Amino acid sequence: MKKILIATAWPYVNGKIHLGHVTGCLLPADIFARYNRLIGNDVKFVSGSDMHGTPTAVLAQKEGKTPIEVANHFHKLAQETIRMYNISFDLYTSTATDNHKELVWEIFNRLKETGGIIEKETEQTYCEKEEKFLPDRYVEGVCPKCGFTGARGDQCDSCGSLLDPTDLINPKCKTCGETPKRKLTKHMFLDLEKLSPALSKYVDSKKNIWKTNVFNSTESWISQGLIPRAITRDMDYGIPVPLEGYEKKVIYVWMEALLGYLSAPKELGEEVYKKYWYDKTSEIYIFIGKDNIPFHTVILPGLLLGLNDDKINLPTNIVSNEFLNLNNDKFSKSRNNFIEADYIVSKYGTDIARAYLILIMPEYSDSNFTWENFEENINGSLIDNLGNMVNRTLVFLKNISKKNPNITESTFNNLSISKDIEKMINETYFNISEYLDGSAGNNLKKDDDDSKTKKISFSLAFKEIFILSKEANKYFDTKKPWKDDAPNQTIYDMIQIIFNIAIMLSIFLPETKDRIFSLLGCESKTINGFEFQELKEIHIPDNIEVLFKKIDIDENIDI
RNA sequence: CGCGGGGUAGAGCAGUGGUAGCUCGUUAGGCUCAUAACCUAAAGGUCGUAAGUUCGAAUCUUACCCCCGCAACCA
């Protein structure tokens, strides 16, 4: 039994959760969590809202509210979205808790003792008109690396370089447009320069574990040379700095939010925290979007390595997804190219939304959401193929038992699964398992064992279920049970396929799994692992409802 | 030399060295248990271009061409 901590990137609370965050972070992490729980691993799945982002403060200022009001508002909405998508978090918390603050202070103080963070006096951009220092996103200017004119103080959107506000050429205050002056101030810095060798060693060890884009971009950041990076800033919204002389400063949000990966398990209990972060046999998986790669592959391990603590774990894998587009274009509120994540669920239900977003998950390149494609995929794969397969089997069973009094539930008592059907089902389990983590169960091994590199893909894993369902439709057609006086074995085999598909669906579409179990009359049945299981008691259903109703997009595009 | 992603059947995509595949669409046929569903078959591609490595290239190398995103909102 493995101990696995699973986390998603913590969303900013300056708006509702982005649909791309659902398909790129929440869903893959949720599938991974459900899968690992099912195969018996000891899983904790956590995340939370990043309450302190500068964008939140900017938005609050604009709306005449306090930052924490805005943050709380969107934190509630985030929790609602997570509930609607049935994301199986053990904890979804926020960075506004005392627990989080105390952990951040603890890490801060430890880093100060080890010299992982150091104090430096630097010149900072200071706006005389506003009478304050201007941190990261309050300053814009020309990127010194690539010459891009709209670079922000913390990161250049064009070349992706991590920046400091004073690096910018021709900086301007974002609020008032004045050219800021430079003024001396003290700040604490994470000494990435000193940590560089240890970081390189860590990154090298991930060459065959991280996705290639994660590994390559991280390597290029490190090879460009790392410099100490400020972890405090002049601002009044955020976690205070536990040092004298820092009363007008807070801990920089990117450092503090990353430590949520430690504080969230701690909120579940000290022993949970110790189990996942201080037990070397534990594994830690973090699911992020591609915009967040350097923070998770350089700065987070930098913070942990800076503790000089051999006992603390480093993340096992950082799984980064690409971006989701809408109608072949970026999501954009102002250009009205936008769908709210909640809308799809409220219109079509949780599992239809989940199914489509899993099918188009942007795992290796950007993917595209369109309503036409939504209709085609849902109607084609989910309904015509899988939904109809379940429906035709159960309706057939019901009707034949009415026509033929010899067919009752006890008719099936002495049957067992056809060997070729069992093999077919087990191949699907095996393939799904290969796509999820490459560690299939012992009795699912194939003969032709090849040593090719594994490709993690939640989308391809999900599609395996539809391949099996299509095979089931083929089997049903081939056997022609409607021409058979005693088609008991065929029905029995079909029921086994449906039952096992429900088990597979439990990690992708949990509600649908429940509904299939209910139709099969086995609600209370427990699932034993991720491999073929035989449903011995065949139940003849009375009321058969279709799993999904067909959707017609033309009536529904009103957004 | 800005950065990144991509060019494989009408559309959307899989496929990292060995007979070009999937879904949808099209055409023809079958079936009739089922949500106008399902099954079978066919048509349709010189895998962006050129050169190279190789017994063999969609896949590796080099050069080139084309498309998409990159003010702000925005994972």
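Any value given below was found using the heavy atoms of this structure, including those in side chains, with hydrogens, waters and symmetry copies removed. Here the structure is a predicted model, which means the values were calculated and not measured. Letters A, B, ... are given to chains in the order of the sequence lines, protein chains preceding strands, and every chain is numbered from 1.
Figure legend. B/G45 is base-paired to no nucleotide; pairs are counted as Watson-Crick or G-U wobble with both atom distances under 3.5 Å. Pair assignment for B/C60: B/G52, on the basis of Watson-Crick or G-U wobble contacts that are both within less than 3.5 Å. Across all strands shown, the partner of B/C38 is B/G30, judged by Watson-Crick or G-U wobble contacts whose two distances both fall under 3.5 Å. Using the Watson-Crick or G-U wobble rule with both distances under 3.5 Å, B/U23 pairs with B/A11. In this structure, B/G2 forms a base pair with B/C70, meeting either the Watson-Crick or the G-U wobble geometry with both donor-acceptor distances under 3.5 Å.
Residues meeting the salt bridge (Lys or Arg N to Asp or Glu O under 4.0 Å) test with A/K480, sequence neighbours left out: none. With sequence neighbours left out, A/D329 forms a side-chain hydrogen bond (donor to acceptor under 3.5 Å, both in side chains) with A/R335.
For the C1' atom pair drawn from B/C74 and B/U35, the interatomic distance equals 39 Å after rounding to whole Å. Nucleotides B/C65 and B/U26, compared at atom C1', are 32 Å apart to the nearest Å. Straight-line distance between the C1' atoms of B/C66 and B/U8: roughly 16 Å, to the nearest whole Å. One P atom belongs to B/A41, the other to B/C24, and the distance between them is 14 Å to the nearest Å. Taking atom P on both B/U40 and B/U23, the two are 9 Å apart, rounded to the nearest angstrom. With both ends at atom C1', the span from B/G7 to B/C13 equals 13 Å, rounded to whole Å. Distance noted for atom C1' between B/U59 and B/G48: 15 Å (whole Å). The separation of B/A57 from B/G15, taken at their C1' atoms, amounts to 14 Å, rounded to a whole angstrom.
Closest to the side chain of A/S332, out of B/C33, B/C73, B/A75, is B/C73. Here B/C24 is the nucleotide among B/C38, B/C24, B/U35 with the atom lying nearest to any side-chain atom of A/E376. Residue A/R392 places its side chain closer to B/C33 than to any other of B/A75, B/G6, B/C33. Among the nucleotides B/G30, B/A75, B/A72, the one closest to the side chain of A/N292 is B/A75. Closest to the A/K330 side chain, of the nucleotides B/U35, B/G69, B/A75, is B/G69. Nearest nucleotide to the side chain of A/S334, out of B/C73, B/U32, B/U35: B/C73. Of the candidates B/A14, B/A75, B/C33, B/A14 carries the atom nearest the A/S365 side chain, counting heavy atoms from C-beta on.
As judged by a 4.0 angstrom heavy-atom cut-off over every strand, A/V546 is placed among the base-contacting residues. Among the atoms of the strands shown, base atoms are found under 4.0 Å from some heavy atom of A/L324. Counting non-hydrogen atoms under 4.0 angstrom, A/G24 reaches nothing in the nucleic acid. In this structure, A/I467 reaches neither bases nor backbone, as no heavy-atom distance under 4.0 Å exists between it and the strands shown. Residue-level contact check: A/N388 touches the bases, meaning some heavy atom is under 4.0 Å from a base atom. Within 4.0 Å (heavy atoms only), A/N391 reaches at least one base atom of the nucleic acid. Residue-level contact check: A/F476 touches the bases, meaning some heavy atom is under 4.0 Å from a base atom.
The distance between atom NZ of A/K62 and atom P of B/A72, rounded to the nearest whole Å, is 13 Å. Distance A/E322 CD to B/G69 C1': 13 Å, rounded to the nearest Å. Rounded to a whole Å, the NZ atom of A/K550 is 12 Å from the C1' atom of B/C24. Between A/Y364 atom OH and B/G12 atom C1' there is a gap of 20 Å when expressed in whole angstrom units. A/N377 has its CG atom 13 Å from the P atom of B/A14, to the nearest Å. Look at CG on A/N327: it is 14 Å from P on B/G12, rounded to the nearest Å. Across the protein-nucleic acid pair, A/N325 atom CG and B/G6 atom P stand 13 Å apart, rounded to whole Å. The CG-P distance, from A/D484 to B/C31, rounds to 17 Å in whole Å.
One finds a side-chain N or O of A/K483 lying less than 4.0 angstrom from the OP1 or OP2 phosphate oxygen of B/U32. Contact check, A/N14 against B/C74: a side-chain N or O comes under 4.0 Å of OP1 or OP2.
Stacking between A/H21 and B/A75 is absent: the aromatic ring centre is not both under 5.5 angstrom from the base six-membered ring centre and within 30 degrees in plane angle. Taking a centre distance below 5.5 Å and an interplanar angle below 30 degrees as the stacking criterion, A/F396 does not stack against the six-membered base ring of B/C33.
A cation-pi geometry, defined here as NZ or CZ lying under 6.0 Å from the six-membered ring centre and within 45° of its normal, does not hold between A/K76 and A/F74. Under a cutoff of 6.0 Å and an axis angle of 45°, A/K290 and A/F323 form a cation-pi pair.
Comparing A/N385 and A/D329 by the nucleotide of RNA chain B whose heavy atom lies nearest to each, the residue mapping closer to the 5' end is A/N385. Annotation: of the two residues near RNA chain B, A/N373 and A/I383, the 5′-most nearest-nucleotide partner is A/N373.
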Report each atom pair, protein N/O against N/O of nucleotides 40-43 of chain B, whose distance is under 3.5 angstrom.
{"unit_1": "B/U40", "atom_1": "OP1", "unit_2": "A/K474", "atom_2": "NZ", "d": "3.2"}

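Judged by distance alone, with hydrogens and angles left aside, the side-chain atoms of A/Y285 form no donor-acceptor pair with the main-chain N or O of A/A33 at under 3.5 Å. Counting only distance, with no hydrogens or angles, the side chain of A/S401 and the backbone of A/K398 share a donor-acceptor pair below 3.5 Å.
Rounding to the nearest 0.5 Å gives a distance of 12.5 Å between OG1 of A/T66 and CD of A/Q61. Interatomic distance, CE of A/M51 versus OG1 of A/T56, reported as 8.5 Å (0.5 Å rounding).
Using bins of under 30°, 30° to 60° and over 60° for the plane-to-plane angle, the ring pair A/W371/A/F374 lands in the perpendicular bin.
A salt bridge is defined here as a Lys NZ or Arg NE, NH1 or NH2 lying under 4.0 Å from an Asp or Glu carboxylate O, and A/D30 with A/R354 meets this definition.
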Could you go through the ring pair (Phe, Tyr, Trp, His ring centres under 6.0 Å) check for A/F396 and A/F476 one step at a time? CA-CA 11 Å; A/F396 182 79; A/F476 200 86; 5.8 Å; yes

